[in-house]
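Convention: sequence-line order gives letters A, B, ...; per-chain numbering from 1. Heavy atoms only: backbone and side chains are in, while hydrogens, waters and symmetry mates are out. These figures come from a predicted structure and were not determined experimentally.
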Amino acid sequence: MSDTHHPLNIETVHHIANLVQLGLTDEEAAAFLPQLNAILEYFALLQEVDTESVPPAFLLPGARNVLREDNPEPGMSREAFLSNIPASEGEYVSVPRVLEEA
Amino acid sequence: MDLYSLTITQAHELLRQRKISSLELTQALLERIREVDGQIGAYLTVTEAVALEQARQADERLRRGERVTPLTGIPFGVKDSIVTEGIRTTCGSRILEHYVPPYQATAVRRLLDAGAVLLGKHNLDEFSMGSSTENSAFFPTRNPWDLKRVPGGSSGGSAAAVAAGECFFALGGDTGGSIRLPAAFCNVVGLKPTYGRVSRYGLIALASSFDTIGPLTRTVEDAALVLQVIAGQDAHDATSLAQPVPDYAAQLQRPVKGLRLGLPREYFVPGMEAGVEAALQEAIRQFERLGMEIREVSLPHTPYALAVYYLILFAEASANLARFDGVRFGSAAQQAQTIPELYLETRGKGFGAEVKRRIMLGAYTLSAGYYDAYYLKAQRVRTLLRQDFERAFEVCDVLLTPVSPGVAFRLGEKTADPLAMYLSDVYLVATNPAGVPALALPCGFSEGLPVGMQLIARHGEEALLFQVGHAYQQVTEWHKMRPALGR
């Protein structure tokens with residue numbers, strides 16, 4: 001049986017939610033579980049397609065790196081940038097504690 | 001005729017001849033919004049003071065005959081996934097409920113430079129995730145043709161606003177049908193341009209390799225006028241096309257006789273509502289009468305398009321939405337004591353269910369052990385989808401397909417089953433992975449509700465879409481119908 005036919009269980013749902021920093025209630029996780037599994041099972045039909053020598057389409061036609069000279073240009077003002085920060089002190093962005101006390 | 005019922009072309013003529021002013025036009029539309037938007041819910045933000053000031057400036061330009069463009073003085077609205085400097089932009093989400101962008105989207109800047117007048121921001125599915133506008137964190141938008149039905153999504157507010165005369169045109173976003181589906185459900189014209197034709201700078205990203213900005217208008221001719229202004233390379237968007245923008249209006253009137261219209265057999269299968277099928281068949285006959293050569297073609301990987309689309313979409317969306325953490329913007333959870341708590345609470349409370357599902361699935365399909373079978377596989381099949389279009393365009397010039405298997409469905413009808421909602425997009429999702437342009441336009445009614453058809457062209461050939469669509473609108477009247485909104 002291929003890798004793609006492992007349905008999720010409630011533990012995996014909570015695990016994924018933590019990985020993507022989404023706080024889920026138990027009710028939400030329980031409601032999502034069958035929905036997520038149904039969608040993943042739908043994706044399994046791609047396994048039918050022979051893609052042996054087919055490259056992935058990471059780039060669309062004409063895509064290329066667009067570079068310019070490394071000369072400083074005016075950017076956004078600090079005031080403008082800070083205007084939407086929910087918590088700030090002067091020029092600093094406030095965040096809760098990052099490190100535990102030693 | 002009520003001022004709000006005019007097309008851009010008609011309004012421009014009256015403005016140019018000084019028979020009306022932009023101020024009168026703008027006031028008429030603000031009045032129309034006051035009159036009907038309580039029922040429809042197309043607008044999240046109405047920018048009355050800004051609009052009146054811009055109208056006065058437009059009138060000054062018109063009076064002096066200076067820098068007058070076809071859009072000078074014309075009032076428009078913008079989907080709330082596109083940032084407007086100094087004007088609240090929510091993306092339909094609680095997490096951006098109070099976000100006031102400190103910068104302007106390029107497409108908006110170009111329209112304002114042309115003298116268009118901004119009326120406000122349109123409702124949408126949260127983070128453009130949805131096909132009905134029911135996922136908006138604020139309220140659903142209602143279809144002006146039947147207020148118990150959806151306008152389509154995710155640009156539902158924009159389509160409803162154009163249909164109801166609440167703006168002359170709108171800027172929407174299309175990642176997998178989000179301009180075309182609401183255009184069809186609301187009886188307006190909607191264009192998904194070639195990927196890169198319009199700068200994405202200022203479009204709040206959903207799937208960065210699929211996203212496009214495009215116009216919603218009353219007529220194909222109007223859509224060409226809007227694209228002319230917003231299209232073109234932008235230093236702020238490295239994926240914007242370097243190819244010069246053609247003169248769309250100049251090519252509009254070219255005859256379509258002898259052009260080859262391809263009908264992909266995989267798009268004309270059982271499952272379509274009878275009324276939709278009848279309208280499409282009549283449209284095909286109309287194109288025959290116009291002298292186009294009709295031929296059947298095949299896009300053999302069509303049955304896989306929905307899976308390819310959604311799989312890649314979830315992956316790209318999960319990466320794009322990682323930035324909403326409550327630190328740089330977005331509502332912060334006040335009680336959080338640590339960084340992890342801040343993220344979990346901000347995102348847990350700020351995002352709706354559909355957004356959460358998609359982020360989680362995206363992360364899962366990118367994760368070690370699953371990446372090859374899901375994400376990489378989808379990207380390989382994407383190449384095959386692209387090749388399908390290339391092969392079809394060797395034997396035809398434009399493809400014709402339905403937009404949707406059915407007409408606008410009822411509010412609440414599909415919200416219980418996410419997969420059922422995804423299936424609304426089945427005819428629309430192959431174009432964005434391939435990057436090709438597509439135009440939705442009215443082609444009839446079924447049980448009093450609008451039916452739309454879709455024209456698809458080669459990469460970069462919007463001019464051909466306009467040419468064929470315009471020819472159709474010269475010999476049909478569907479696009480002239482207006483919903484009978486109660487007064």
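Side-chain contact of R357(B) with Q35(A): a donor-acceptor pair under 3.5 Å is present, judged by distance alone.
Using a 4.5 Å heavy-atom cutoff, the side chains of Y42(A) and Y310(B) are not in contact.
Neither the backbone nor the side chain of L19(A) has a heavy atom closer than 4.5 Å to any heavy atom of chain B. Neither the backbone nor the side chain of L82(A) comes within contact range of chain B, judged by heavy atoms closer than 4.5 Å. At a 4.5 Å heavy-atom cutoff, N65(A) makes no contact with chain B through either its backbone or its side chain. Contact of V20(A) with chain B is made through backbone and side chain together, with heavy-atom distances under 4.5 Å.
Rounding to the nearest 0.5 Å gives a distance of 10.5 Å between NE2 of H15(A) and CE of M360(B). For the atom pair R97(A) CZ and L342(B) CG, the distance stands at 14.5 Å (nearest 0.5 Å).
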Audit row: Q47(A), K377(B), side chain to side chain contact (heavy atoms under 4.5 Å, CB included) steps and yes/no: CA-CA 8 Å; Q47(A) 299 308 311; K377(B) 185 73 178 179; 4.1 Å; yes

Verdict with supporting geometry, Y364(B) and L40(A), side chain to side chain contact (heavy atoms under 4.5 Å, CB included): CA-CA 10 Å; Y364(B) 180 74; L40(A) 287 172; 3.6 Å; yes

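R347(B) places no side-chain N or O within 3.5 Å of a backbone atom of L22(A) that could act as its donor or acceptor partner. A donor-acceptor contact shorter than 3.5 Å links the side chain of T383(B) to the backbone of P55(A).
Heavy-atom pairs under 4.5 Å with chain A were tallied for A353(B), G196(B), A242(B), P101(B); the largest tally goes to A353(B).
Ring-plane geometry between Y375(B) and F58(A) is classed as parallel, the angle between the planes falling under 30 degrees on a 0 to 90 degree scale with a further cut at 60.
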